[in-house]
Amino acid sequence: MKEINSIRIDPTIKRLLSYATSEEKIDEEYNKYICSPNRKLYSGGVSGEIISCIGVEIHNSRDGVIKHIAVLPKERGSGMGSSMIRFICKEHNLNSISAETDKDAVLFYANFGFRITSLGEKYPGVERFLCELDLR
């Protein structure tokens, strides 16, 4: 895993972030990683090719919130998402980590061991879930 801190967004990172947020928000979200000291964005690769990214926000120095996580479609199911979460937890020595997600990704977090709580319909017709993992 490699920390991303380039002012110019790599086209692959832009594509990965498009899976995790709306197209209009990509540049704004990327800038938050570059400008905010408590936000970090990392990329993961295979043979020099970027295939994944994870963005985290650290609160109270030991509590992480996954803001974005994405793996290229052809690489999904290979364990890359799980290994990125393990990396973030270790790299930042976290006590806890959480994420908010939709029903498409909730099973991924449940299989990892996160506690899942429905937040109901946060947007019309879209149920959101809070996924939490205590690491202590």
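Predicted, not measured: the structure shown is a model, and the values here were computed from it.
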Return yes if some donor-acceptor pair links the side-chain N/O of [X] with the main-chain N/O of [Y] below 3.5 Å, else return no.
X: R62; Y: N93; value: yes
X: S78; Y: E75; value: yes
X: R76; Y: V71; value: yes

Out of curiosity, does [Y] fall in the hydrophobic cluster containing [X] (side-chain heavy atoms, cut-off under 4.5 Å, transitive links)?
X: I34; Y: I9; value: yes
X: I88; Y: V65; value: no
X: F108; Y: L135; value: yes
X: I7; Y: L41; value: yes
X: Y109; Y: V126; value: no

Which atom names give the shortest non-hydrogen contact between [X] and [Y], and what distance separates them?
X: L72; Y: L16; result: N-CD2, 3.5 Å
X: C131; Y: T101; result: SG-CG2, 3.7 Å
X: Y30; Y: R8; result: OH-O, 3.6 Å
X: S43; Y: I4; result: CB-CD1, 3.6 Å
X: M80; Y: S52; result: CE-OG, 3.2 Å
X: L94; Y: G64; result: CD2-N, 3.8 Å

>> Using the rule side-chain contact (heavy atoms from CB on, under 4.5 Å), only one of D10, I13, T12 pairs with C53; which is it?
In response: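 By the side-chain contact (heavy atoms from CB on, under 4.5 Å) criterion, C53 pairs with just one of D10, I13, T12: I13.
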Once rounded to the nearest 0.5 Å, what's the spacing between atom [atom1] of [X] and atom [atom2] of [Y]?
X: F87; Y: S82; atom1: CZ; atom2: OG; value: 15.0 Å
X: S61; Y: N95; atom1: OG; atom2: CG; value: 8.0 Å
X: Y19; Y: I26; atom1: OH; atom2: CD1; value: 10.5 Å
X: I116; Y: L130; atom1: CD1; atom2: CG; value: 8.0 Å
X: I85; Y: I54; atom1: CD1; atom2: CD1; value: 5.5 Å
X: I58; Y: H92; atom1: CD1; atom2: NE2; value: 4.5 Å

SB check [X] [Y] (cutoff 4.0 Å):
X: E91; Y: K40; value: no
X: E127; Y: K103; value: no
X: E28; Y: K25; value: no

>> Checking side-chain hydrogen bond (donor to acceptor under 3.5 Å, both in side chains) between Y33 and each of H68, E57, K67, which is the one that passes?
In response: H68
> Is any side-chain heavy atom of D102 closer than 4.5 Å to a side-chain heavy atom of R128?
Replying inline: yes
>> Does atom CD (E3) have a neighbourhood of more than 12 heavy atoms from anything else shown, all under 6.0 Å?
In response: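 More than 12 heavy atoms, drawn from other residues, nucleotides or ligands, come within 6.0 Å of this atom.
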>> side-chain contact (heavy atoms from CB on, under 4.5 Å), that's the test. Do F114 and V106 meet it? Break it down for me.
In response: CA-CA 9 Å; F114 282 75; V106 79; over 6 Å; no
